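Okay, so here's the structure we're looking at.
Since the model is a prediction, treat every value here as computed from it, not as a measurement. Any value given below was found using the heavy atoms of this structure, including those in side chains, with hydrogens, waters and symmetry copies removed.
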Amino acid sequence: MTTTGSLTSSRSLSYIALFAALMAVFGLIPKIDLPFGVPITLQSLGVMLAGCLLGPRRGFLAIALFLLAVALGLPLLPGGRGGLSVFVAPAGGFLFGWMFGAFACGLLMRLAMRRMAGATGLPLLAAAFLSSVVGGIGVVYAFGIVGLSLIAHMSLSQAALAMLVFIPGDLIKCGICAMLVQTVMRGMPGWRLDRD
């Protein structure tokens, strides 16, 4: 392996670990519990940021690393939750969806960046927002709705209806993600999503 390849690989591992740690930090923010067992947390913002800033593969791996730590029992979810039991709770589908949501955010953001060829400002903001909506809401909710339906013995339509309460807050998170992505990419013009 070349020295450049080693540096890129080391940098990728550092980014993956950094965003897994960021997810853990977001887990320190208190959750808001809802009656049907799916809490409102800030960690979905971490999923969006990991995908939009790291790209599909590294974003997926960052969330997978975080979830591995959770599965091993580290209390990294809001409220100090961890262990295998959280994956079979009503919110378990969301946890699995986080990895694929980050992947989708990263893939869409990468495609948008290639089309925009270095554009900044409103096009970059819009690309990050739309990538976050599709990956961080659409993909994550798809897993979450199926998981809630299975665990809570609800129909898919009932589970989907229960998710409506999350939409306004998650749209705000998409906006925050878009602003942070734009700030990072303006401040670091060499930031590349294709270095996976």
Side-chain angles (χ1 to χ4, degrees), residues 9-107 109 131-154 159 162-163 165-167 169-170 172-174 176-177 180-181 196:
S9 178
S10 297
R11 186 174 293 154
S12 287
L13 290 173
S14 298
Y15 287 147
I16 289 166
L18 175 66
F19 275 80
L22 180 65
M23 287 290 289
V25 170
F26 282 159
L28 297 174
I29 311 294
K31 62 187 171 80
I32 300 171
D33 286 310
L34 295 176
F36 46 88
V38 180
I40 296 174
T41 74
L42 197 57
Q43 286 178 316
S44 53
L45 174 60
V47 170
M48 297 170 192
L49 287 169
C52 287
L53 288 173
L54 296 184
R57 190 176 71 89
R58 289 185 300 186
F60 180 95
L61 290 174
I63 303 306
L65 176 61
F66 170 77
L67 291 175
L68 175 62
V70 170
L72 292 173
L74 294 178
L76 301 178
L77 295 174
R81 295 170 301 134
L84 292 175
S85 62
V86 299
F87 293 93
V88 292
F94 283 93
L95 300 181
F96 290 107
W98 282 355
M99 294 182 291
F100 298 97
F103 185 89
C105 286
L107 188 61
M109 192 67 196
S131 297
S132 298
V133 168
V134 174
I137 295 179
V139 173
V140 172
Y141 277 41
F143 280 84
I145 288 168
V146 170
L148 181 61
S149 174
L150 292 172
I151 301 298
H153 306 291
M154 303 168 72
M163 295 301 102
V165 70
F166 294 101
I167 298 284
D170 281 339
I172 291 170
K173 291 176 201 172
C174 291
I176 293 169
C177 176
L180 290 172
V181 167
D196 270 357

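Looking at C105 and V134, their side chains never come closer than 4.5 Å, going by heavy atoms from C-beta outward. Between L53 and Y15, every side-chain heavy-atom pair lies at or beyond the 4.5 Å cut-off. Side-chain contact between L77 and F66 is present, with at least one heavy-atom pair separated by less than 4.5 Å. Residues L180 and I176 meet the side-chain proximity criterion, which asks for heavy atoms closer than 4.5 Å. Side-chain contact between V47 and M23 is present, with at least one heavy-atom pair separated by less than 4.5 Å. Residues S44 and V140 fail the side-chain proximity criterion, which asks for heavy atoms closer than 4.5 Å. Between V181 and M109, the closest side-chain pair of non-hydrogen atoms falls below 4.5 Å. In this structure, I29 and T41 have side chains that are not in contact, with every pair of non-hydrogen atoms separated by 4.5 Å or more.
One finds the CG atom of L68 at 13.0 Å from the CD1 atom of I63 (value rounded to the nearest 0.5 Å). How far CZ of R58 is from CG of L13: 10.0 Å, rounded to the nearest 0.5 Å.
Scanning both residues, G101 and V139, for their nearest heavy atoms gives N-CG1, 3.7 Å. Of all the heavy atoms in C174 and I137, the pair that sits closest is SG-CD1, 3.8 Å. Minimum heavy-atom separation, C52 to S132: SG-OG, 3.7 Å. Heavy atoms only, all atoms of each residue included: M154 and S149 are closest at O-OG, 2.6 Å. Listed here is the closest heavy atom pair of L67 and L95: CD1-O, 3.1 Å. The minimum heavy-atom distance between G135 and A104, with the atom names listed, is CA-CB, 3.8 Å.
In this structure, F94 has its ring center at least 6.0 angstrom away from the ring center of F143.
A donor-acceptor pair is defined here as one N or O able to donate and one able to accept, closer than 3.5 Å; no such pair exists between the side chain of Q43 and the backbone of F26.
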Where do K173 and D170 land on the side chain to side chain contact (heavy atoms under 4.5 Å, CB included) test, with the steps shown first?
CA-CA 5 Å; K173 291 176 201 172; D170 281 339; 3.1 Å; yes
